[in-house]
There are 2 protein chains.
Amino acid sequence: MSANPIIDERARRVLTAIIETYVETGEPVGSRPLTKKHGFNLSPATIRNIMADLEDLGLLTQPHTSAGRVPTEKGYRYYVDACIGAGDAFKERLTEETQYHLESVRKDASAIVQDVTQELSRSSSQLSVAVAPRFLKSRLSRVELVPVRGATVQAVVISEEGIVRNMLLDLNEPYTSKHLRRISGYINRHLAGYTVREARERVINQVLEHKAAYDTLMAEAMRVGQVIMERQSEDRIFVEGVSEALQRLKFRSRDALRDLFRAIEDKHLMIQVFNMVEEMESGVQVIIGSENPVGEMHDCAMVASPYLREGRVIGTIGVIGPVRMHYPSVISMVDRTARFLTRVFSQEEGGAAADGHIGKP
Amino acid sequence: MSANPIIDERARRVLTAIIETYVETGEPVGSRPLTKKHGFNLSPATIRNIMADLEDLGLLTQPHTSAGRVPTEKGYRYYVDACIGAGDAFKERLTEETQYHLESVRKDASAIVQDVTQELSRSSSQLSVAVAPRFLKSRLSRVELVPVRGATVQAVVISEEGIVRNMLLDLNEPYTSKHLRRISGYINRHLAGYTVREARERVINQVLEHKAAYDTLMAEAMRVGQVIMERQSEDRIFVEGVSEALQRLKFRSRDALRDLFRAIEDKHLMIQVFNMVEEMESGVQVIIGSENPVGEMHDCAMVASPYLREGRVIGTIGVIGPVRMHYPSVISMVDRTARFLTRVFSQEEGGAAADGHIGKP
DNA sequence: ATTAGCACTCATTCTTATCGAGTGCTAAAA
DNA sequence: TTTTAGCACTCGATAAGAATGAGTGCTAAT
């Protein structure tokens, strides 16, 4: 990860300096100004030679013959991989605020992620996106059915970690409370303790076994169980900080910007990207420009990290920003944020999944 | 509403023609092209005279001395008030699709509004916003408490219309299911049948009466009731169609665009605007440019309409677009959409508030 | 009351010239 | 062998001028 052997230390320092001043100014950086600002003990001419080498390696380009140098995507990639020291001065700042916001009012799992996403967008001044925790690997603890009216019931689904999801669903016919308890009883008996994935299989087996449903309630229970399982695995995506994004993301054309948002609004595309991040598994991932599988996102970079519960990935959070962004600080913020979510979802004491602390006066 | 006496019929026709071609082309419209396209039996010179009159009235301007005319905000206002016939050819189109989408999968109240907002954004190709139904005037039917873990419970709140809301909350201490039933029993006994507003008062009175809470459960119940009431009145705002908006909303500066989104992301400001719409009460409202109380929205227009349940306003839905927008069609779409929501929330049969029809194969 | 004609205005577009930051290359210095 | 100084060259960006043409206002004729 650290020492990339292609170029020597000096060239690396130059590359870093170029990228960092380019990120700052947004303008192609020339050799003379670079020597002024940075304390290299080298003349512009020497810098130019190094620049030429870096250009041969494909890490820099010139927009036109007589302009300064601009980093290429490959250049950013190299910079991110090899030039950013692990320990930087950007690590403070985030956590206190975030924690503060979360501690003050308790939320359910999705709301926590949404809040944190918003927080991340604010602190990074960037568009921020996340997928809500998925409970595919979470173990079901209990299901309660609350009659609403007619054949409609509200299902309250609780995982072993005390994470709650709600869904409205229609039964085949109105049942009495007593019958509803029977139905949820069936479900709890057969599915409690299993992950959503396992439970789904069990439901299917049960349905097959009891094809000629000997008990209407049992059949209803199985059907309800199935719907619940299907809904459980649905993904929910949060997008926060549109206004921040508008400020930062300068695009070739306005249409490109619109296409980006179209892509972001398209669940499937985002899921695709998030999956990519999760497959890597090793903390913060940086996806630069055309590395992104989604074409509409070729003009921007994404910094994202999965967050875990008990060692398993349950979701992803990250930011989308211009390729020309301040990676060290953003990477650090995303890392912190993902770790924070991991901590929240892993801590055992029940508070993490509650919404609405009744204030004691 | 219809006949505004300031200008005569012919001038009105000219104004309408100018605004409509301007909306179409986006360029100042001159006298000669206007006579070509439209079948006025008048020469350019005459049109110019009429234009000059309209300019004196403040309904038109010229960007510079020798350009065509452009409508002023006042011009749009006059056009909207006096020139748009009530019946137009734009009334078809929306309803079928929307209904289709809603009928296929059932949702809870907020989700319905969110879906419809998205639909409105798509069909109008505009940024679309809405406030979720507020139940301040809705009557409470029942509250159920489902234990989650420890002292955390999930409250399922059901209104008399079968509309459901969920919230997690922490009790003072863990209670058994039996005790929880007692607590919800108290709440249901004291608050069922009252509107949120009335219930809130009752809670306060109850608390005062039983200051030296003779029953812990009772005290807990009252506290829970209070929290539920407070949460019930919270507003939730939906914003859909950012990508559409980016396409349409051309702004003086990009900063102005960002400011607009900042304003939209600011709940309080949006609520302020929505309140304005609701106070008018008479169907679709058009807020043009600087008529908007929110400064950041001076560069765009908003077309919005409250939606009702049983004659009472419970929320608002609308679109935000450029001042230069095709008002007749947008007004019609917003109107249709609001009426649709009104119908959905007013229809008695229980389906409208259900989420998750269990498909019969 | 309407229209034709004409002089005038002024944003837009195109051309041309200038400027200057920055490079590459070569030859000298270290 | 590496670094530096010097110089010619490139090319975007800016500015100034000239031509274009759509559109108006005004006046006089219909």
Side-chain angles (χ1 to χ4, degrees), chain A residues 7-15 17-72 75 250 252-253 324, chain B residues 7-15 17-72 75 250 252-253 324:
Chain A
I7 63 178
D8 67 357
E9 180 56 28
R10 194 180 63 175
R12 198 173 301 151
R13 286 235 310 282
V14 172
L15 177 62
I18 290 174
I19 289 184
E20 284 174 3
T21 64
Y22 180 66
V23 164
E24 207 177 308
T25 66
E27 264 153 35
V29 12
S31 52
R32 196 162 49 245
L34 201 60
T35 53
K36 302 280 177 195
K37 273 187 70 172
H38 266 266
F40 298 121
N41 277 345
L42 296 172
S43 76
T46 313
I47 298 290
R48 280 204 287 277
N49 289 332
I50 300 172
M51 281 171 155
D53 293 346
L54 290 172
E55 186 165 5
D56 289 342
L57 289 169
L59 302 179
L60 298 177
T61 2
Q62 322 180 249
H64 52 271
T65 317
S66 76
R69 298 308 209 290
V70 162
T72 62
K250 323 250 155 162
R252 318 192 201 100
S253 70
R324 182 198 137 214
Chain B
I7 62 178
D8 66 356
E9 179 57 27
R10 194 179 63 175
R12 198 173 301 150
R13 286 236 308 284
V14 171
L15 177 63
I18 289 174
I19 289 184
E20 284 174 2
T21 64
Y22 179 67
V23 164
E24 208 176 308
T25 65
E27 266 153 35
V29 12
S31 52
R32 196 162 49 247
L34 201 60
T35 54
K36 302 280 177 197
K37 275 185 69 175
H38 267 265
F40 298 122
N41 277 345
L42 297 172
S43 76
T46 313
I47 298 291
R48 279 204 288 278
N49 288 332
I50 300 172
M51 280 170 155
D53 294 346
L54 291 172
E55 187 167 2
D56 288 342
L57 290 168
L59 303 177
L60 298 177
T61 2
Q62 321 180 252
H64 52 269
T65 315
S66 76
R69 297 310 207 290
V70 162
T72 61
K250 323 249 156 163
R252 319 192 200 99
S253 71
R324 182 197 136 216

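A note on names: the letters A, B, ... follow the listed sequences, proteins ahead of strands, and every chain is numbered from 1. Please read all numbers here as calculations on a predicted model, not as lab measurements. Computation of the quantities below employed the complete heavy-atom set of this structure, encompassing side-chain atoms and omitting hydrogens, waters and symmetry-equivalent molecules.
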Distance, rounded to the nearest Å, where A:L34 contributes CG and C:dT23 contributes C1': 14 Å

Rounded distance (Å) that lies between atom P of C:dA1 and atom CZ of B:F40: 19 Å

Any B:T65 side-chain nitrogen or oxygen under 4.0 Å from OP1 or OP2 of D:dT24: no

Sugar-phosphate, base or nothing in reach of B:P63, heavy atoms under 4.0 Å: nothing

Spacing between A:I50 atom CD1 and C:dG24 atom P, to the nearest angstrom: 13 Å

Sugar-phosphate, base or nothing in reach of B:T46, heavy atoms under 4.0 Å: base

Distance in angstrom units between A:D56 CG and C:dT23 C1', rounded: 14 Å

Sugar-phosphate, base or nothing in reach of B:P33, heavy atoms under 4.0 Å: sugar-phosphate

B:R69 vs D:dG25: side-chain N/O to OP1/OP2 distance below 4.0 Å: yes

Shortest non-hydrogen contact from B:R324 toward B:T25: NH2-C, 3.8 Å

A:Q62 side chain near D:dC11 phosphate (N/O to OP1/OP2, under 4.0 Å): no

First of B:L42 and A:N49 reached from the 5' end of DNA chain C, by closest nucleotide: B:L42

Which atom of B:I7 lies closest to which atom of B:R12, heavy atoms considered: O-NH2, 3.1 Å

Whole-Å distance separating the CG atom of A:D8 from the C1' atom of D:dT2: 13 Å

Distance, rounded to the nearest Å, where B:H64 contributes NE2 and D:dG23 contributes P: 10 Å

Side-chain N,O (A:R48) to OP1/OP2 (D:dT3) below 4.0 Å: no

d(OH, B:Y22; P, D:dG23) in whole Å: 14 Å

Comparing B:A45 and B:S66 on DNA chain D - which has the more 5′ nearest nucleotide: B:S66

Separation of atom CD1 in A:I47 from atom P in D:dT3, rounded to whole Å: 10 Å

Closest approach of B:L60 to B:P71 (non-hydrogen atoms, all atoms of both residues): CD2-CA, 3.8 Å

Short side-chain N/O contact from B:S31 to OP1 or OP2 of D:dT24, under 4.0 Å: yes

Nearest listed nucleotide, side chain of A:S43, among C:dT3, C:dT23, D:dA5: D:dA5

Between CZ on residue A:R13 and CG on residue A:L42, distance to nearest 0.5 Å: 8.5 Å

Side-chain donor or acceptor of A:T72 paired with backbone N/O of A:G58 under 3.5 Å: yes

